[in-house]
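Residues: numbered from 1 along the sequence shown.
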Amino acid sequence: MALFRHHKNGACRICGGSDLVSVLELGAQPPSNAFISSEEITSEQRFPLDVYLCRSCGSAQLLDVVHGADVFDDYAYLSSTSKALRQHFQGMVEELVARHDPEPGAVIVDVGANDGVTLDRYPADRFRLIGVEPSSAGRYAAEKGHHVLKAFFGRETGRAIRDEHGPVALATATNVCAHVDDIGDFMAGFAEMLAPDGVAVFECSYLLDMVEGVYFDTVYHEHLNYHALTPLTHLFERVGLQAIRAERIDFGASGPAIRVTVARADGVLRPDHTIAAFLAEEEAWGVKDEAPYQAFARRVAAVIEELRETIGALKASGERLAAFSAPAKGNTLLNSARLTTDELEAVSENNPLKIGKLTPGSHLPVISDEEFLKRDYDTALLLSWNYADFFVKNSEFVKRGGRFLAPLPSPVLRP
């Protein structure tokens, strides 16, 4: 088992300020995608999982950084294993192509391409598609025939894409911005490669939704940043970009999201009314103030206690319990709530890279969906709670009489 390297930042990665205050402490936890074998339990590493607020720019972030090169070297997350996520990205691509109307042959780049889940959604042979993916998941996109650069995206990568392929008409980065430590260099890469009328579209978990919905499980070591538009606008300006459109998305890879469209500041596109509306809402909400985050921390503690009590009552009544799906964020929930095999027998998963291993920290055995159904559990803790409607409607487990315990924003049994 390779060891993870770690360092702690002393300044805000968005604005460089030092006025930072801890607003949520979830204890020491292992990296959430570091699924392990039973032999690796004794060497498992844990790192502080604490969220800090920068009172200068309003950015929420982790200061404890587990090095990305270690996290993504042997990466167990494959986007295409989620049917719900495939459907989401299909709708996103169709909407972006209709709105921005890139010409046939235009260069389109997906940063953080993973296994090609977004690249797969574009019409075949209509555009010149390029994926950028530093993790081991990129080989699956390449095996599908996609052109994939194995690299961490930044200024040099953006310049290289522009020089080799020409200016970029459309770029996407979904569930990626949260992962980046040197986010200034990351954003500069888009400024380097975009055409004067090109756009980059970022989709990431929205800070206000996370706080209001008590979605604390989206906090894990891969997610270094928890984004609102206010600090992002300062970052865009610093690298020669500008936000031109913002919208809230009910469904994202980690829950409700914000989708921000940016363009070159010296280009031909200008902001629409949504930008001013978002900034005004965030100021009124108190994005730079500690109070909303202090209330968030209190609600997190209450939800964790309620979840433990609910699971305890179900077990006391004689039910057999397991967990359903094994996303990275599920491991934050399991470890924060101190749930182990004492409460949950196993967790189901359809990703072959996770099956047969143990969840980090909580050490639940990861079993296949087929094995899960054979065991005839009564209730399953739904770790992919943001897909609850989809699973209630489509899951064979529910059709056979099982029910889900959706944990957030408060525990509820479904159906």
Side-chain angles (χ1 to χ4, degrees), residues 4-29 31 45-71 152-155 173 176-191 202 204-212 215-216 218-243 258 260 262 265 278-298 300 332:
F4 293 97
R5 292 167 292 172
H6 161 267
H7 72 268
K8 186 165 186 173
N9 290 343
C12 172
R13 64 173 55 87
I14 297 290
C15 72
S18 59
D19 189 7
L20 297 156
V21 59
S22 176
V23 292
L24 179 67
E25 299 179 358
L26 295 176
Q29 300 197 20
Q45 295 172 275
R46 295 172 183 260
F47 305 98
L49 191 57
D50 303 328
V51 179
Y52 290 78
L53 170 68
C54 175
R55 290 182 287 201
S56 297
C57 72
S59 172
Q61 59 197 279
L62 303 185
L63 297 183
D64 289 276
V65 179
V66 179
H67 289 201
D70 300 332
V71 170
F152 286 95
F153 186 78
R155 188 187 302 272
V176 177
C177 298
H179 298 73
V180 182
D181 190 20
D182 190 353
I183 197 165
D185 180 66
F186 177 80
M187 289 298 176
F190 292 93
F202 304 114
C204 51
S205 296
Y206 188 39
L207 177 62
L208 273 64
D209 284 331
M210 182 184 84
V211 171
E212 294 299 322
Y215 305 145
F216 71 93
T218 59
V219 177
Y220 50 93
H221 292 105
E222 286 178 36
H223 286 178
L224 298 170
N225 310 297
Y226 305 91
H227 288 299
L229 188 60
T230 300
L232 282 175
T233 54
H234 297 300
L235 177 62
F236 296 150
E237 291 170 4
R238 201 174 90 203
V239 300
L241 296 170
Q242 62 176 340
I258 184 174
V260 182
V262 306
F278 260 85
L279 295 177
E281 179 183 357
E282 291 178 2
E283 183 178 12
W285 184 83
V287 72
K288 297 181 183 180
D289 301 329
E290 292 179 55
Y293 307 96
Q294 292 171 338
F296 172 52
R298 291 193 294 270
V300 168
T332 293

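Minimum interatomic distance between Ala243 and Val262 (heavy atoms only, all atoms of both residues): CA-CG1, 4.0 Å. Listed here is the closest heavy atom pair of Cys177 and Phe202: SG-CD2, 3.6 Å. Of all heavy-atom pairs spanning Leu62 and His221, the tightest one is CD1-CA, 3.9 Å. A pairwise comparison of heavy atoms in Asp50 and Gly27 identifies OD1-N, 4.2 Å as the closest pair. In plain terms, the two heavy atoms of Gly16 and Ala11 that are nearest each other are O-CB, 3.7 Å. Gln61 and Cys54 make their closest contact through NE2-CB, 4.2 Å (heavy atoms, listed as atom of the first residue, atom of the second, distance).
Checked by atom type and distance alone, the side chain of Gln29 never pairs as donor or acceptor with a backbone atom of Arg46 at under 3.5 Å. Put simply, the side chain of Ser59 never gets that close to the backbone of Ile14: no donor and acceptor are under 3.5 Å apart.
For the pair Met210/Phe296, a side-chain contact is recorded, criterion being any heavy-atom separation below 4.5 Å from C-beta on. With contacts defined as side-chain heavy-atom distances shorter than 4.5 Å, the pair Leu24/Val300 qualifies. Inter-residue side-chain proximity for Phe278 and Ile258 is flagged as met; some heavy-atom pair is nearer than 4.5 Å. Annotation: side chain of Ser205 is not in contact with side chain of Tyr215 (no heavy-atom distance under 4.5 Å). In this structure, the side chains of Leu208 and Glu282 come closer than 4.5 Å at one or more pairs of heavy atoms. Using a 4.5 Å heavy-atom cutoff, the side chains of Val260 and His227 are not in contact. Within the 4.5 Å cutoff, side-chain heavy atoms of Leu26 are placed close to those of Phe216.
With sequence neighbours left out, Ser56 forms a side chain to side chain donor-acceptor pair (under 3.5 Å) with no residue at all. Applying the salt bridge (charged side-chain N to carboxylate O under 4.0 Å, His left out) criterion to Asp181, with sequence neighbours excluded, gives Arg13. In terms of the side-chain contact (heavy atoms from CB on, under 4.5 Å) criterion, residue partners of Asp64 (sequence neighbours excluded) are, by chain and number, His6, Lys8, Pro48. Listed by chain and number, the residues in a side-chain contact (heavy atoms from CB on, under 4.5 Å) with Gln242 are Ile244, Arg270, Pro271 (sequence neighbours excluded). In this view, Ala60 and Val51, Leu207, Tyr226 satisfy the side-chain contact (heavy atoms from CB on, under 4.5 Å) rule, not counting sequence neighbours. Remark: Ser18 engages no residue in a side chain to side chain donor-acceptor pair (under 3.5 Å) (not counting sequence neighbours). Every residue was checked against the ring-ring contact (aromatic ring centres under 6.0 Å, His included) condition with His234, not counting sequence neighbours, and none meets it. With sequence neighbours excluded, the residues satisfying side-chain contact (heavy atoms from CB on, under 4.5 Å) with Arg55 are Asp19, Val21, Leu53, Glu290. Listed by chain and number, the residues in a salt bridge (charged side-chain N to carboxylate O under 4.0 Å, His left out) with Glu283 amount to none (sequence neighbours excluded). Shown here are the ring-ring contact (aromatic ring centres under 6.0 Å, His included) partners of Tyr293, two or more places apart in sequence or in another chain: Trp285.
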Inset, instruction - Walk me through it: do His223 and Asn225 pass the test side chain to side chain donor-acceptor pair (under 3.5 Å)? - result: CA-CA 6 Å; His223 286 178; Asn225 310 297; over 6 Å; no
Inset, instruction - Could you go through the side-chain contact (heavy atoms from CB on, under 4.5 Å) check for Gln45 and Val66 one step at a time? - result: CA-CA 11 Å; Gln45 295 172 275; Val66 179; over 6 Å; no
Listing, residues 183-190 side-chain donor-acceptor contacts under 3.5 Å, not counting sequence neighbours, or none:
| residue | atom | partner | partner atom | Å |
| --- | --- | --- | --- | --- |
| Asp185 | OD1 | Arg155 | N | 3.3 |

